[in-house]
Each structure stands twice: as structure tokens, then as C-alpha cells.
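Here is the structure we will look at, set down as C-alpha cells.
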Amino acid sequence: MEIINMTSEDIGNLKKLSLDFFNAKGDLLLFRYNNVLRLLKTLDDFTEDDFQKHFNAVSLLNKYRDYLPSDFVIPDFLVKVDDIIKFFAINYVYGNNLSVVLKDDNVSLERKKNYLKRIGTILRQMENIRKNTELKNFYLADIHEDNFIVDKAGVLRTIDLDGGKFSEDSNPVVKYLSPVSLFAKCNTPKYKIDMSNPYFASYIVDENTDIYCYSIVILNYLYGSNLNMVAIEEFYEYMNYLEYIGIDKNLVSLFERIVTNKNNKNPEYLLSSITDEQVYRANEKVYKKLKK
């Protein structure tokens, strides 16, 4: 993997990317290299072990780039600052976060469904990657609306890949796997706490958690808000309501599955059936107005 050298002064002169959401891994720096705009991301250095795990993740992504989906935004090179490796670079993606696109009334339902379906297709591709490469423990992990960008060509790009899981003993913190979320209220043995991490209440990342987070992204779109924070009882009431307004019973069944002991199943193949009328009626405001 290519390494370029910079000084602390060089880094200090770079502009920071303005974000509309919190980024736990520090500032993203804008850097033009070989006439291409890049983002520099900091390698974790809280401990030597943190650095090594993050470095290995970035290196693996670069090594197996030819086996990964073409719309993945993969690390291109490393950056040394005063002879110490501090950053890695990815190409800057011109576009809007999926969270913005899903809320945009000017974007058709068909396009939105295609973007949501694409995430499901990626998860199926990940199964093949785990089977056919050395990336046996590679999971996206932190699946949420701001880790996908719709670029200027209308292609859904997957970002923050270095925040995924790459080894059996590494379980990254995941936005939708929080101790105060629906996920933690499920009380099912298929979701396991990572007892090796004394600093965060993190969970074992696997195929079940990836599909859980993907399902929450879909449900958040339908609900128009964060359904991941409701009580179990409210979740089941909303599932009954989705069935009442005509959402495919098989799709509702797969959504319900995420809070049961059964292994989660990818709902991608059922999303085509959703209509504009169902999206309107599934919205939290309409749903709660009818409940009164």
C-alpha cells in the first residue's frame, strides 16, 4: 500500500470536512493528491492494539479491493506525518448521504427503494466475500443511513468501511446496537454482549446484527423517525399497523423476526412491493394520529 509523507505543518493547512452528524473517529481532512480530492481519516491510536487493528482493517480493504463491490469507497494510500503513519486516504464522494435522500420528497419512491434494496444486495455479496476470500469475519457492522452516499451519478456508495468487523475478536461500536435501543430490549440469545471491552457496551457483530441494522434503516424510512428507540410493545403495535395498511405480510414477518430468537433474514427481495400510499400511511405522524 502506497505511503506518502507530509509534515505537521502540511496537515495543519488542510481544511476540515463539515459534517451534519457526529464522527467519533475525529476530523476528516480534505486533501488534493494527483489532481483528485481525497479525505484523510485518522488511524485509531488510543492504544497500540487499537492502532494495529485499524491499520490491519485498512490494509485488508486495500489488499482485497478487487474482490469487493465496485461501489465500496476503499482506502487508497497511507499518510506519514513526521515519519509516523497517522492517516489513510479515500476518494471524496460528491453527493448526499442516504439519510438526506430518503427524506427528499423530490426523489421518487422507486429510486429510494432501489437504494434500500442495494444495501440488501451488498449484504448478500458480503456472504460470498466471507466464503471465497480470507475475509472470513468481514461484516459492515455500523450500518446506518449516514454510512451510505448517493453520488452525482445516482450510485449508492458505501463509506466508513474501516469501521467494519475484520477479525473474530474485534467488535466495533455500532450506532443501532446501543444499550438503550430496541436491540437491547429484545432479550434474545442471538445477540451477544462483547465482554472483552471494558469501556463500551458493545455487542458481537455477525450476520444477525448486520441484518438487524439494515432492517432498522428500512423501518426508519417507513416510520419517518428512529424506530430503534421504541419499546418492544410499541414495536409490535407498529408491526400490526404495517400489516393493517397493506405492507406485505412476509415483509412484516421478517421485520418482526429481528426481535425474536430466530436468525434474521435479509428482507431485500420484498421491498419492491411497497407503495407510495403505504409509505405515507406508515409515517409516525399518520400512525400516531390514528392511534388517538
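Please read these numbers as outputs of a predicted model, since none were measured by experiment. We use all heavy atoms of the structure for the numbers below, so side chains are in, but hydrogens, waters and symmetry mates are not.
Counting only residues at least two apart or on different chains, the salt bridge (charged side-chain N to carboxylate O under 4.0 Å, His left out) pairs with a member in residues 221-243 are Glu234-Lys291, Glu237-Lys291. Among residue pairs with one or both ends in residues 77-96, those qualifying as salt bridge (charged side-chain N to carboxylate O under 4.0 Å, His left out) are Asp45-Lys86; sequence neighbours excluded. Pairs engaging residues 164-178 under the salt bridge (charged side-chain N to carboxylate O under 4.0 Å, His left out) rule: none recorded [sequence neighbours left out].
Residue Ile258 forms a side chain to side chain contact (heavy atoms under 4.5 Å, CB included) with just one option from Ser215, Pro267, Cys213, and that option is Ser215. With Tyr212 as the partner, the ring pair (Phe, Tyr, Trp, His ring centres under 6.0 Å) test is satisfied by one option alone out of Tyr203, Tyr191, Tyr176: Tyr191. For the side chain to side chain contact (heavy atoms under 4.5 Å, CB included) with Asn264, the lone residue among Val259, Ile211, Leu254 that qualifies is Ile211.
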Where do Ile143 and Thr209 land on the side-chain contact (heavy atoms from CB on, under 4.5 Å) test, with the steps shown first? CA-CA 9 Å; Ile143 297 172; Thr209 61; over 6 Å; no
I'd like to know whether Tyr238 forms a side-chain contact (heavy atoms from CB on, under 4.5 Å) with Leu227, so could you lay out the CA-CA distance, the side-chain angles of the two residues, the decisive distance to 0.1 Å, and finally the verdict. CA-CA 9 Å; Tyr238 185 65; Leu227 194 70; 3.8 Å; yes
Candidate pair Leu242 and Leu219, rule side-chain contact (heavy atoms from CB on, under 4.5 Å), full reasoning: CA-CA 10 Å; Leu242 290 184; Leu219 286 166; 4.0 Å; yes
Between Arg281 and Glu277, does a side-chain contact (heavy atoms from CB on, under 4.5 Å) hold up when you go through it step by step? CA-CA 6 Å; Arg281 297 179 71 188; Glu277 176 69 15; 3.2 Å; yes
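Take Tyr94 and apply the side-chain hydrogen bond (donor to acceptor under 3.5 Å, both in side chains) test, not counting sequence neighbours, and it matches no residue. Considering only residues two or more places apart in sequence or on other chains, Lys112 meets the salt bridge (Lys or Arg N to Asp or Glu O under 4.0 Å) condition with none of them. Residues that satisfy the side-chain hydrogen bond (donor to acceptor under 3.5 Å, both in side chains) test with Glu127, not counting sequence neighbours, are absent from this structure. In this structure, Lys265 has no side-chain hydrogen bond (donor to acceptor under 3.5 Å, both in side chains) partners at least two apart in sequence or on a different chain. Every residue two or more places apart in sequence or in another chain that forms a salt bridge (Lys or Arg N to Asp or Glu O under 4.0 Å) with Glu110 is listed here: Lys113. With sequence neighbours left out, Arg111 forms a salt bridge (Lys or Arg N to Asp or Glu O under 4.0 Å) with no residue at all. In this structure, the side-chain hydrogen bond (donor to acceptor under 3.5 Å, both in side chains) partners of Asn208, at least two apart in sequence or on a different chain, are Asn263. Shown here are the salt bridge (Lys or Arg N to Asp or Glu O under 4.0 Å) partners of Asp49, two or more places apart in sequence or in another chain: Lys53.
For the pair Phe88 and Leu40, the minimum side-chain heavy-atom distance is 4.5 Å or more.
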Cut-off 3.5 Å, no hydrogens considered: what does the side-chain donor-acceptor table look like for residues 69-78, sequence neighbours left out?
{"from": "Asp71", "atom 1": "OD1", "to": "Arg118", "atom 2": "NH2", "distance (Å)": "3.1"}
{"from": "Asp71", "atom 1": "OD2", "to": "Arg118", "atom 2": "NE", "distance (Å)": "2.9"}
{"from": "Asp71", "atom 1": "OD2", "to": "Arg118", "atom 2": "NH2", "distance (Å)": "2.9"}
{"from": "Asp76", "atom 1": "OD1", "to": "Arg65", "atom 2": "NH2", "distance (Å)": "3.2"}
{"from": "Asp76", "atom 1": "OD2", "to": "Arg38", "atom 2": "NH1", "distance (Å)": "2.9"}

